[in-house]
Structures are given as C-alpha cells and as structure tokens.
Amino acid sequence: MEPKTLFDKVWDAHVVEHIPDGPDVLYIDRHLIHEVTSPQAFAGIERRGVPVHRPDRTVATADHNVPTVNQHLPIREELSRLQVEKLEENCRRHGITLYGLGHPYQGIVHVIGPELGLTQPGMTIVCGDSHTSTHGAFGSIAFGIGTSEVEMVLATQCILQPKPKKMRINVEGELGKGVTAKDIILYIISQISTSGGTGYFIEYAGSAIRSLSMEGRMTLCNMSIEMGARGGLIAPDEKTIEYVRGREFAPKGEEFERLAAEWLALATDEGAVFDREITFDASGIEPMITYGTNPGMGVGVTGRIPEPTGSEAEQASFMKALDYMGFKPGEAMLGKKIDYVFLGSCTNGRIEDLRAFASLVKGHRKADDVVAWIVPGSHQVERQAREEGLDKILKEAGFELRQPGCSACLAMNEDKIPAGKYSVSTSNRNFEGRQGPGARTLLASPLTAAAAAITGRITDPREFL
Amino acid sequence: MPREKFTILRSPFVPLPVDNVDTDQIIPARFLKATTREGFGDNLFRDWRYLPDGSPNPDFVLNQPQYSGKILVAGKNFGSGSSREHAAWALYDYGFRVVVSSFFADIFRNNALNNGLLPVQVSPAFLEKLFKASEADPSTELEVNLPEQTITLLSTGESETFEINAYKKECLLNGYDDIDYLLNIQEKIIAFEKEHNK
C-alpha cells in the first residue's frame with residue numbers, strides 16, 4: 001500500500017464524493033458554533049426551509065462577545081446581547097446543545113472542545129472561526145470556515161473543499177529555558193511569513209513537537225492560520241490518548257481502547273510524500289515577541305527590529321506597520337515601555353498558560369502603571385486555577401482572574417486596549433486595531449507577558465526563571 | 001439559492017497598494033454584531049476610511065472621488081486573518097464585484113466565491129502595472145472576463161489569464177451556490193453516514 005500522511009488518512013476517510021475538476025464533499029464529524037458567525041447561517045437554512053441535519057454533531061457556546069466580569073448580569077452592550085440571545089434562540093429551535101453564559105462548560109470554543117472530549121483524533125472539525133486549527137493538536141483535521149460554509153454544515157453536515165497541499169514542519173532538538181510552544185510558532189511564522197503556509201495543511205513533527213504537552217500542541221496548531229495555512233495537525237501519541245481518556249464526551253471503556261489503537265495508527269507512514277518540508281532547529285529559538293502589525297513580524301526578545309527589505313511596496317507596507325506601532329527599524333525590543341498585559345485567548349488561555357504566568361509572577365508585584373487582564377479560556381480552566389490556588393498567587397502579585405471569553409484578543413466585548421497604548425498579549429493577532437481602535441499589540445508567550453507585567457517593559461522572561 | 005450571475009465586468013478600479021490587508025482592516029471585529037448579511041459596506045475599511053472623530057479620512061482611497069468602480073485592486077496576501085465572511089459581505093455590499101491581488105488568503109478566497117465576489121489573482125508584475133496605470137489615470141478601466149478567465153487593462157490592451165476552479169466558475173456563471181449542490185446529494189450523504197457509522 002502506498003504510504004500516506006496523517007492528513008491524507010483523515011481526509012480520505014471523510015470524502016463523500018469527489019467533484020471532477022472541483023472540490024471534495026467532505027463529511028464533518030463535529031461542528032462548533034458561536035454567536036458571531038452563525039446567525040446568518042441559521043437564517044439561511046430557515047429561508048431554504050431545511051432543518052439542521054445533525055444537531056447531535058453540533059455544539060454551541062457564547063464566547064466572542066461576552067463580558068469577562070459580572071457574567072451573571074445581562075450583557076450591557078445591546079448588540080452583543082442580541083447576538084448572544086439569537087444564538088440561544090437558534091439552538092433552542094434546532095435542538096442544538098448550547099453552553100451559554102452561566103453554564104459550567106461555557107468558554108472559548110477552542111478551549112471547551114478539547115476539555116470536554118468533543119475533540120477527538122481522526123475527526124473532521126469545523127467552526128466559523130479561523131482558530132479552529134487548534135483542534136489539529138489531536139490529529140484531527142480542523143479548520144475555520146465562513147458563514148456560508150456554516151450554513152452548508154448545518155444543512156448537510158458536509159462542506160465543499162478543495163484538498164489542500166501538504167507541508168511538514170519539523171522542529172528538532174531541545175527547547176531552551178523559557179522557550180514555549182508560543183515561541184516556536186511565532187518563530188516559524190517569522191521565518192516563513194504570514195502567507196508562507198497558504199494553500200497548505202501543515203503537519204508538525206520532530207522531537208521538539210513531541211516533547212510538548214497537549215496544551216502546548218494546541219497553542220502551536222492554533223496559530224497555523226497566522227502563516228496562511230488552513231490548519232495544522234500533530235500525530236496522536238500516548239499524550240494525546242491520555243488527555244482524551246475519561247473526558248466527558250470521549251468514548252469510554254472497550255470502545256475507547258479500540259479507538260485509541262486506531263488513533264495511534266493515524267501517524268504518517270514512513271516514506272509518505274509532502275509537497276513541502278521544512279526543518280527548524282529548536283535550540284535556535286528564543287522567547288519571541290512581535291514588533292509589527294502581522295504575526296510574521298516577530299523577533300527574539302533580545303533582538304532588534306529589522307531594516308525594511310524587498311520591493312518598494314513591501315518596504316512601504318513594512319514602514320506603515322512600524323509607523324502604526326510607533327517603532328523604528330534597528331531599535332532593540334528589550335526595555336520598551338508597555339501599558340497593558342493580556343493573558344488569555346484560544347491561543348494561551350488554558351490551565352498550563354495560567355500556571356506558567358503564575359509561576360513567573362509568584363513573589364513579585366505587577367508594575368503599578370500596567371493594566372493586566374487575566375482571562376481564563378473557560379469556566380473549567382477558571383475552576384481548576386482556583387483549585388490549584390493560582391488565583392491566590394496572582395492576587396498576591398497584584399493580578400485578578402476574570403471570567404472566560406475571547407476578551408481582548410479581538411475586543412468585541414468591553415475589554416479594549418485604548419488607542420496608542422502598548423499591549424503585550426498572549427493572543428494570536430497583532431493586526432491594526434485588533435485589540436481596540438489604535439491599540440498596539442505585541443504578541444508573546446505567557447512567560448514573556450508575565451515578565452512584562454512585572455517590570456512594565458519588554459523583558460527577557462529568562463531573567464526570572 | 002440563485003445569486004447574481006457573473007460573466008464579464010468592465011469598470012474603473014480602486015487601487016489599494018497595501019500588502020497583507022487582513023480581515024480586521026476590511027471589517028473590524030466591533031462591527032460583526034449584526035445578525036443579518038446586509039449593511040456591512042458602511043463599515044468597510046472603517047478604521048482607514050474614517051478618522052478617530054468619525055469624519056472621512058481624505059488620504060484614504062475610498063474617500064477620493066477620482067477613484068471608483070466595482071473592482072478593488074490590492075497588494076499581495078489580501079484577506080489574511082479571521083474567517084469572518086463579513087469581510088466578503090462588506091466588500092460586496094459596498095459595491096465591489098471583483099478583488100484583484102497577487103495573492104489571496106484561502107478562507108477569504110472561499111468566502112468571496114461563496115458570495116459572488118470574484119477574486120482574481122494576477123502576477124506581481126501585472127499588479128504593479130495596474131497601480132502605475134491608475135496613478136497615471138484614475139479613470140482607467142479593467143475588463144474581467146470570467147468565461148475566458150482573462151483580465152485586461154483596457155488602456156493598453158495588456159492582459160493576463162487567471163485561475164479558477166472549474167466547479168466554482170460554473171457556480172458564478174450560473175448564480176448557483178454550494179448549498180444547492182449539497183442538498184441535491186443529500187441521499188448520498190445519508191448513505192455515507194450509514195456506511196461509516198456516523
């Protein structure tokens with residue numbers, strides 16, 4: 001038999017039909033929905049007069065719009081409230097399970113899927129959100145879709161999709177002290193650019209990837225879209241199996257053992273061919289930070305902002321980004337003053353991220369002039385953080401735990417960074433205005449964010465480790 | 001559900017020579033709170049188009065009356081970032097029917113095609129020519145011919161062919177959409193579910 005990649009094995013098992021000269025009809029095992037990208041899709045199927053084909057394969061939560069304080073009160077912002085109410089109404093009408101505000105399972109859609117065991121290896125998973133790539137950490141094919149595609153999946157549990165090309169990115173060797181999954185992915189994007197993965201699905205492999213926890217793998221796969229790739233995935237191994245085992249919606253007993261054996265067999269076969277393959281040396285990666293307005297504009301935290309290169313248009317775009325950030329080529333990143341720190345998002349809002357942040361700030365104090373928002377990715381993460389006493393460590397250091405949601409990652413709720421202010425953020429996008437109109441975002445790991453929160457400046461987290 | 005059909009479009013174009021225009025620029029997240037598809041054009045490129053006090057930014061191309069038309073010509077890697085289809089809706093709602101760039105992000109490309117907005121990928125050299133041509137004469141026109149898959153700068157006659165998947169081309173030419181297709185093969189989908197124990 002011809003050797004196959006992990007990606008091919010999962011994709012091929014879900015093809016209902018191949019349209020000649022066209023896309024594949026791909027069957028979707030799990031459809032996750034949230035309040036922002038679903039209302040027009042529900043309106044669409046209702047206009048067509050068709051029901052939701054598989055409400056049992058659809059799960060909803062409210063995350064993008066929700067406040068991160070006083071969640072027991074009605075949402076103050078009217079349009080946000082209406083969108084959340086519309087989701088409740090649509091789910092009720094179509095028999096879809098909703099973990100809405102106040103539900104113990106509510107949280108960021110890409111945090112709750114894995115923690116509830118809704119995300120399983122070998123599945124196809126879609127959501128109207130580009131960071132759906134997160135779930136690829138389990139060896140599933142998971143990618144973000146537009147609202148017309150949400151409508152397709154609601155109506156038929158299928159989607160029309162051309163099969164992407166395959167890329168393997170190997171990260172080999174041992175990671176240095178203070179270097180996390182976030183630094184690996186920011187480093188990769190800085191090397192291959194924000195469009196270097198466009199047209200590809202990426203498999204991450206190599207010893208440094210295997211050494212990552214499931215949380216780290218999720219952080220890595222989460223940002224695949226930031227290099228243009230539709231998604232990224234990692235072969236299931238014992239860590240994957242142990243993470244899924246016993247979770248609420250994971251299979252149980254003998255069925256689990258049978259599936260676990262199938263999941264382990266999904267790994268890419270020896271000799272399988274990729275359209276492109278790149279290898280990076282893990283020991284060459286530093287804690288990373290971005291200086292510009294796309295996630296590819298990143299350097300090691302001890303590095304300097306590069307000089308513009310390339311075509312006239314490329315140089316102009318580069319300088320436009322630096323102008324927005326208030327930076328100049330050649331400047332060092334260390335020591336730059338910052339105003340806000342955001343720990344959270346589907347990239348770094350999991351328990352391990354809170355632990356990392358807390359471990360670094362323990363015994364220190366937040367800088368007085370820094371505003372810090374610590375937003376757990378879900379109620380379960382929040383509960384676990386309290387059980388582990390992380391809230392106390394944070395409190396002693398001057399930080400407060402907020403309530404779960406997407407929060408300042410995209411600032412759809414009230415958590416907005418003011419214009420001109422610098423925010424060291426563990427989220428995934430540093431686009432202009434992403435965290436609020438005029439806000440200036442510097443993407444980094446939870447450790448680097450924690451170090452900045454203590455000193456009020458961009459700081460090498462290794463000084464604290 | 002039938003949509004407007006696309007065949008040949010002749011129009012002046014709006015140049016936006018910026019690389020990596022992400023979907024947060026096309027339509028910022030704070031404007032994603034509507035529950036219908038209409039009206040997003042008002043907030044297209046909101047934070048570039050308007051100054052913080054809400055007045056139009058005279059430096060932004062959509063506020064410069066010499067530039068108009070149903071075609072947007074933008075720098076490479078257009079539409080990166082979020083999966084928000086609202087970006088395609090906003091461009092369409094504003095009046096654009098074609099976006100030309102030397103490179104498109106995948107999700108944006110799909111979203112555009114699903115909404116009758118044609119993404120036309122040209123070579124970097126051709127893109128550069130378009131920017132130069134509009135600088136010299138803002139009223140210069142383009143012809144986008146979907147059946148022939150060509151894009152032509154009418155002032156000079158220079159032309160390039162562009163790629164589009166045959167299935168998607170058929171959909172645009174006839175105003176079909178993917179959901180019609182999928183609903184038509186529903187029996188096959190149900191058979192697949194039975195066979196694979198879904």
Side-chain angles (χ1 to χ4, degrees), chain A residues 13 16-17 19 21-23 25 27 29 36-37 39-40 43-44 47-48 50 53 64-65 79-80 82-83 86 128-130 144-149 151-152 155-158 160 162 164 194-195 198-199 225 228 230 294 311 313-314 316-317 320 410-412 419 429 431-434 437-438, chain B residues 1 17-20 22-25 28-30 32-37 46-48 52 75-77 80-86 88-89 103-108 110-111 114-115 124 127-128 131 165-168 170 177-183 185-186 188-193 196 198:
Chain A
V16 175
E17 176 185 294
I19 302 174
D21 291 325
V25 175
Y27 190 81
D29 293 318
V36 178
T37 56
Q40 294 87 350
R47 205 164 46 232
R48 289 169 202 266
V50 299
H53 180 61
H64 280 62
N65 258 326
L79 289 175
S80 296
L82 287 176
Q83 223 172 27
K86 196 78 191 167
D129 186 285
S130 61
I145 58 178
T147 297
S148 293
E149 294 168 316
E151 188 179 339
M152 283 175 218
T156 67
Q157 205 58 33
C158 288
L160 289 172
T194 186
S195 59
T198 305
I225 183 69
R230 203 64 189 275
N294 73 57
S311 71
E314 283 167 335
S317 295
K320 181 177 183 290
L410 81 170
M412 276 193 82
R429 289 190 176 132
F431 297 153
E432 284 183 33
R434 172 80 179 180
Chain B
M1 211 160 276
V18 180
D19 291 348
N20 302 315
D22 58 75
T23 52
D24 275 83
Q25 305 320 312
R30 63 188 189 281
L32 305 183
K33 297 184 184 185
T35 53
T36 62
R37 288 174 184 242
R46 176 77 201 200
D47 293 337
W48 287 351
K76 73 169 181 213
N77 196 28
S80 57
S82 150
S83 66
R84 60 189 69 161
E85 193 161 313
H86 313 64
W89 298 339
F103 200 83
F104 287 96
D106 278 335
I107 305 183
F108 176 78
N110 275 0
N111 286 341
N114 282 335
N115 286 281
L127 187 71
E128 205 49 47
F131 288 139
N165 159 323
Y167 164 84
K168 276 292 176 195
E170 205 57 27
D177 75 14
D178 286 356
I179 305 178
D180 296 327
Y181 184 91
L182 289 172
L183 287 172
I185 61 159
Q186 195 136 28
K188 200 166 179 178
I189 294 170
I190 291 167
F192 179 92
E193 288 179 318
H196 292 83
K198 300 281 186 193

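Values below: all heavy atoms of this structure, side chains included; hydrogens, waters and symmetry mates excluded. In what follows, chains are A, B, ... by sequence order, proteins preceding strands, each numbered from 1.
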> Select, from A/Asp21, A/Leu82, A/Thr147, the one with the greatest count of heavy-atom pairs under 4.5 Å involving chain B.
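Of the options given, most contacts go to A/Thr147.
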> Any ion pair linking A/Glu151 and B/Arg37 (charged N to carboxylate O, less than 4.0 Å)?
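Yes.
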> Please look at A/Arg429 and chain B and tell me whether the side chain, the backbone, both or neither of the residue comes under 4.5 angstrom of a heavy atom of that chain.
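Just the side chain, heavy atoms under 4.5 Å.
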> Can you tell me if B/Glu85 and A/Thr37 form a side-chain donor-acceptor pair at under 3.5 Å?
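Side chains of B/Glu85 and A/Thr37: no pair found under 3.5 Å.
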> So which heavy atom on A/Ser148 is nearest to which on B/Ile179, and how close?
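It is O-CD1, 3.7 Å.
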> For B/Lys168, which atoms come within 4.5 Å of any heavy atom of chain A: side chain, backbone, both, or neither?
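Neither part.
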> With a 4.0 Å cut-off, would you call A/Arg48 and B/Asp180 a salt bridge?
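Salt bridge flag = yes for B/Asp180 with A/Arg48.
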> Counting heavy-atom pairs closer than 4.5 Å to chain A, which one of B/Asn165, B/Leu182, B/Asn110, B/Asn115 comes out on top?
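Heavy-atom pairs under 4.5 Å are most numerous for B/Leu182.
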> With rounding to the nearest 0.5 Å, note down the distance linking OG in B/Ser83 to CD1 in A/Ile225.
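Going from the OG atom of B/Ser83 to the CD1 atom of A/Ile225 covers 8.0 Å.
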> Pick from B/Thr36, B/Thr23, B/Asp47, B/Val18: which one has the most heavy-atom pairs with chain A under 4.5 Å?
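So the answer, after comparing B/Thr36, B/Thr23, B/Asp47, B/Val18, is B/Thr36.
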> Could you measure the distance from the CG atom of A/Asp129 to the CZ atom of B/Arg84? Nearest 0.5 Å is fine.
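Rounded to the nearest 0.5 Å, the CG-CZ separation comes out at 9.5 Å.
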> Going from OH on B/Tyr181 to CD on A/Glu17, what distance comes out if it is rounded to the nearest 0.5 angstrom?
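Rounded to the nearest 0.5 Å, the OH-CD separation comes to 3.5 Å.
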> What pair of heavy atoms forms the shortest contact from B/Lys33 to A/Asn65, and how long is it?
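Smallest interatomic distance, heavy atoms only, reads CE-OD1, 3.4 Å.
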> Under 4.5 Å heavy-atom distance to chain A, tell me which part of B/Asn114 shows up: side chain, backbone, both or neither.
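Both parts, heavy atoms under 4.5 Å.
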> Measuring heavy-atom distances to chain B, does A/Val25 have an atom under 4.5 Å in its side chain, in its backbone, in both, or in neither?
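Just its side chain gets close to chain B.
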> Which atoms of A/Ala419 are under 4.5 Å from chain B, going by heavy atoms: the side chain, the backbone, both sets, or neither?
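No part of it gets close to chain B.
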> Just verifying a value: how many Å separate A/Cys158 SG and B/Asp178 CG, rounded to the nearest 0.5 Å?
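Reported value, rounded in 0.5 Å steps: 12.0 Å.
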> At a heavy-atom distance under 4.5 Å, which candidate from B/Ala191, B/Gly81, B/Ala88, B/Ala166 has the highest pair count against chain A?
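Option with the greatest count: B/Gly81.
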> For A/Ser130 versus B/Ile107, what's the shortest heavy-atom pair and its separation?
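Shortest heavy-atom separation between A/Ser130 and B/Ile107 comes out as CB-CD1, 4.1 Å.
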> Looking only at non-hydrogen atoms, find the nearest pair between A/Thr156 and B/Gln186 and report the distance.
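So the minimum-distance heavy-atom pair works out to CA-NE2, 4.4 Å.
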> Are any side-chain N or O atoms of B/Gln25 and backbone N or O atoms of A/Phe431, one a donor and one an acceptor, separated by less than 3.5 Å?
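No: the side chain of B/Gln25 does not pair with the backbone of A/Phe431.
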> Side chain, backbone, both or neither: which part of A/Ala316 has a non-hydrogen atom closer than 4.5 Å to chain B?
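When you check distances to chain B, no heavy atom of A/Ala316 falls under 4.5 Å.
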> Heavy-atom pairs under 4.5 Å with chain B: which of A/Gly228, A/Ser80, A/Gly433 has the most?
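Heavy-atom pairs under 4.5 Å are most numerous for A/Ser80.
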> Checking heavy atoms, do the side chain of B/Phe192, its backbone, both or neither come under 4.5 Å from chain A?
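For B/Phe192, the contact with chain A is made by the side chain alone.
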> Just how far is it from atom CG of A/Asn294 to atom CG of B/Asp22, taken to the nearest 0.5 Å?
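Result: 8.0 Å between the selected atoms.
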> If I measure from the heavy atoms of chain B, does A/Ser317 come under 4.5 Å with its side chain, its backbone, both, or neither?
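When you check distances to chain B, only side chain atoms of A/Ser317 fall under 4.5 Å.
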> At a 4.5 Å cut-off on heavy atoms, which part of A/Pro23 comes close to chain B: side chain, backbone, both, or neither?
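For A/Pro23, the contact with chain B is made by backbone and side chain together.
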> If you count heavy-atom pairs within less than 4.5 Å of chain B, which of A/Met152, A/Lys86, A/Gln157, A/Lys320 leads?
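Answer, by heavy-atom pair count under 4.5 Å with chain B: A/Met152.
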> Under the rule for salt bridge (charged side-chain N to carboxylate O under 4.0 Å, His left out), what residues qualify as partners of B/Glu170, not counting sequence neighbours?
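Scan of B/Glu170 (salt bridge (charged side-chain N to carboxylate O under 4.0 Å, His left out), adjacent residues dropped) gives none.
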> Is A/Pro437 close to B/Arg30 at the side-chain level, that is, under 4.5 Å between some pair of heavy atoms?
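They are in side-chain contact.
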> Heavy-atom distances under 4.5 Å only: say whether B/Asn111 touches chain A with side chain, backbone, both or neither.
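Interface part for B/Asn111: side chain.
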> Give, as side chain, backbone, both or neither, the part of A/His53 having an atom under 4.5 angstrom from any heavy atom of chain B.
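Just its side chain gets close to chain B.
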> If you count heavy-atom pairs under 4.5 Å between each of B/Arg46, B/Lys76, B/Lys198 and chain A, which one has the most?
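Among the listed options, the one with the most contacts to chain A is B/Lys198.
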> How many angstroms lie between CG in A/Leu79 and OG1 in B/Thr35, if you round to the nearest 0.5 Å?
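Spacing of CG (A/Leu79) from OG1 (B/Thr35) equals 9.0 Å.
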> When you check the side-chain N and O atoms of B/Trp89 and A/Gln40, is any donor under 3.5 Å from an acceptor?
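Side chains of B/Trp89 and A/Gln40: no pair found under 3.5 Å.
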> Answer with side chain, backbone, both or neither: which region of B/Asp19 has an atom nearer than 4.5 Å to a non-hydrogen atom of chain A?
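Interface part for B/Asp19: both.
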> Report which part of A/Leu410 has an atom under 4.5 Å of a heavy atom belonging to chain B: side chain, backbone, both, or neither.
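Contact with chain B: backbone and side chain both.
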> A side-chain contact here means heavy atoms from C-beta on lying under 4.5 Å apart; do B/Ile189 and A/Tyr27 qualify?
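Heavy-atom side-chain distance check passes, below 4.5 Å.
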> Taking all heavy atoms of A/Pro39 and all of B/Ala34, pick out the closest pair and write down the distance.
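Result for this residue pair: CG-O, 4.3 Å.
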> Salt bridge (Lys or Arg N to Asp or Glu O under 4.0 Å) for B/Asp106 and A/Arg230? Distances and angles first, verdict last.
CA-CA 7 Å; B/Asp106 278 335; A/Arg230 203 64 189 275; 5.8 Å; no
> Once side-chain contact (heavy atoms from CB on, under 4.5 Å) is applied, do any residues pair with A/Ser195, and if so which ones, sequence neighbours excluded?
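A/Ser193, A/Thr198, B/Asn77, B/Phe103.
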